[in-house]
Novice: 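Pasting a structure here, questions to come.
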Amino acid sequence: MKRYRYILDPSSKKYKCPSCEKFSFVVFIDTETTEIMENYGRCDRETKCAFFYHPTKDGFQNCKYSEVMDSHFYEVSPSFHKNDLVELSMSNHNNFLKYLKFLFGSSIANSVQKKYKIGTLCEFNNGTIFWQIDERKKVRAGKVIQYFETGKRTKNITWMHQFLRTKNEISDFNLSQCLYGLHLTQNDKTSIIALVESEKTACIMSVIFPGFLWLSCGAKGEFKLKKLEPIKHRKIIAYPDCEIQKNGSTTYQEWKRKADGFNATGFDIYVSDLLEKEVADEQKNEGIDISDFFMKKLYKKI
Ligand SMILES: [Zn+2]
């Protein structure tokens, strides 16, 4: 079957039609980003309205509506790492774990490592492995980042599937990421989920503010529907990094705009403006996250 980048939402979700204003509008989805394209779609009132607005000019005029409605055919089935790889990787030490120990002491550092499944890739200069394990305990990815002992990251990043491929231990791997810490949602079904950008921030905040369940989406651009889908039924507070981007907008504005769209489909996400309000302008230019903010306030250790 031919694949299309933009498809009409195969779920039964309906939006307000821009033409007839009835809730009969099926929106397009960008299958590359899995984002909802609110302004584009087709009104289901075929005889009375039939408003149709396509995301591209030339579009997929030959795409049959029924074909798209059939299934989530755009989903590629994900590959998984072996679970024992995670346990094996946790027997070694790395700079990020050293940093956690420096901040909180051995006992807390060890429990954070066990909880969040932090491994070490010795062959990558003892890089820190952040295992992405989903709600079914399937290991979807291992992101490897090298840190200095100060807790600052280097630019050196790799992925476990890339590393294993260079060693010829695996051939094909369909990377289908999940939120970092998603496996924890099975044991804790009630806490408010606090969502941050980086894995490091989630780990540190889990100690500073244990009342929330801290998860990370991995990067500011990874705050997206597909990753959030497994926690759709949960109450979520998102804490974007405080950062002004090249185009002058802030990550807060970007996440807020996206969250408004997600909330229209049934999510319950509040994007916190705490940092926007509290952080001084010079810190905003450096880019500061919620753990930097609290560490400065509470521990004065950075
Ligand atoms: Zn309509």
Side-chain angles (χ1 to χ4, degrees), residues 1-78 135 176-179 182 185 192-193 195 215 217 219-238 240 245 247-273 276:
M1 193 191 293
K2 191 169 188 292
R3 283 164 170 273
Y4 297 99
R5 172 154 181 188
Y6 307 106
I7 63 162
L8 288 159
D9 183 358
S11 77
S12 53
K13 185 84 196 162
K14 300 280 163 59
Y15 293 77
K16 195 175 185 178
C17 172
S19 176
C20 69
E21 302 198 323
K22 296 272 192 286
F23 281 85
S24 53
F25 195 58
V26 180
V27 293
F28 277 101
I29 290 175
D30 182 342
T31 60
E32 269 182 30
T33 64
T34 66
E35 276 176 324
I36 286 173
M37 309 173 74
E38 278 171 70
N39 301 324
Y40 301 102
R42 169 166 157 158
C43 181
D44 256 3
R45 302 171 72 220
E46 285 181 37
T47 51
K48 291 194 172 136
C49 174
F51 176 79
F52 186 59
Y53 189 25
H54 206 278
T56 55
K57 274 177 197 148
D58 46 333
F60 50 90
Q61 302 301 330
N62 298 320
C63 172
K64 283 199 188 109
Y65 194 52
S66 58
E67 203 175 65
V68 174
M69 296 297 279
D70 273 343
S71 63
H72 291 258
F73 65 83
Y74 56 92
E75 294 272 350
V76 182
S77 57
E135 71 278 24
S176 175
Q177 295 188 57
C178 68
L179 292 169
L182 186 61
T185 57
I192 290 173
I193 288 178
L195 189 64
L215 307 185
C217 57
K220 62 169 169 273
E222 290 290 313
F223 182 72
K224 55 190 187 186
L225 198 64
K226 193 180 172 191
K227 268 199 176 170
L228 296 175
E229 201 64 53
I231 53 167
K232 188 168 186 173
H233 52 290
R234 302 280 294 249
K235 189 163 182 55
I236 301 164
I237 303 178
Q245 294 172 34
N247 63 9
S249 71
T250 63
T251 309
Y252 167 78
Q253 289 166 336
E254 189 183 315
W255 281 29
K256 177 79 172 60
R257 181 179 53 76
K258 281 184 167 181
D260 287 345
F262 299 157
N263 288 344
T265 74
F267 278 90
D268 181 5
I269 306 169
Y270 171 75
V271 182
S272 167
D273 60 356
E276 305 298 312

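Counting starts at 1 for both ligands and their atoms, following the listed order.
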Novice: Please list, chain by chain and in numerical order, all residues satisfying side chain to side chain donor-acceptor pair (under 3.5 Å) with Asp260, sequence neighbours excluded.
Specialist: Lys256
Novice: What protein N/O/S atoms are found closer than 2.8 Å to the Zn ion (ligand 1)?
Specialist: Cys17 SG, Cys20 SG, Cys43 SG, Cys49 SG
Novice: With rounding to the nearest 0.5 Å, note down the distance linking CG in Leu215 to NZ in Lys227.
Specialist: 11.0 Å
Novice: Looking at Lys14 and Asp44, is any side-chain nitrogen of the basic one under 4.0 Å from a carboxylate oxygen of the acidic one?
Specialist: yes
Novice: List in chain and number order the residues that pass side chain to side chain donor-acceptor pair (under 3.5 Å) with Glu254, two or more places apart in sequence or in another chain; answer none if no residue qualifies.
Specialist: Gln245
Novice: Applying side chain to side chain donor-acceptor pair (under 3.5 Å), name anything that partners Thr265, two or more places apart in sequence or on another chain.
Specialist: none
Novice: With rounding to the nearest 0.5 Å, note down the distance linking CZ in Arg42 to CZ in Phe25.
Specialist: 11.0 Å
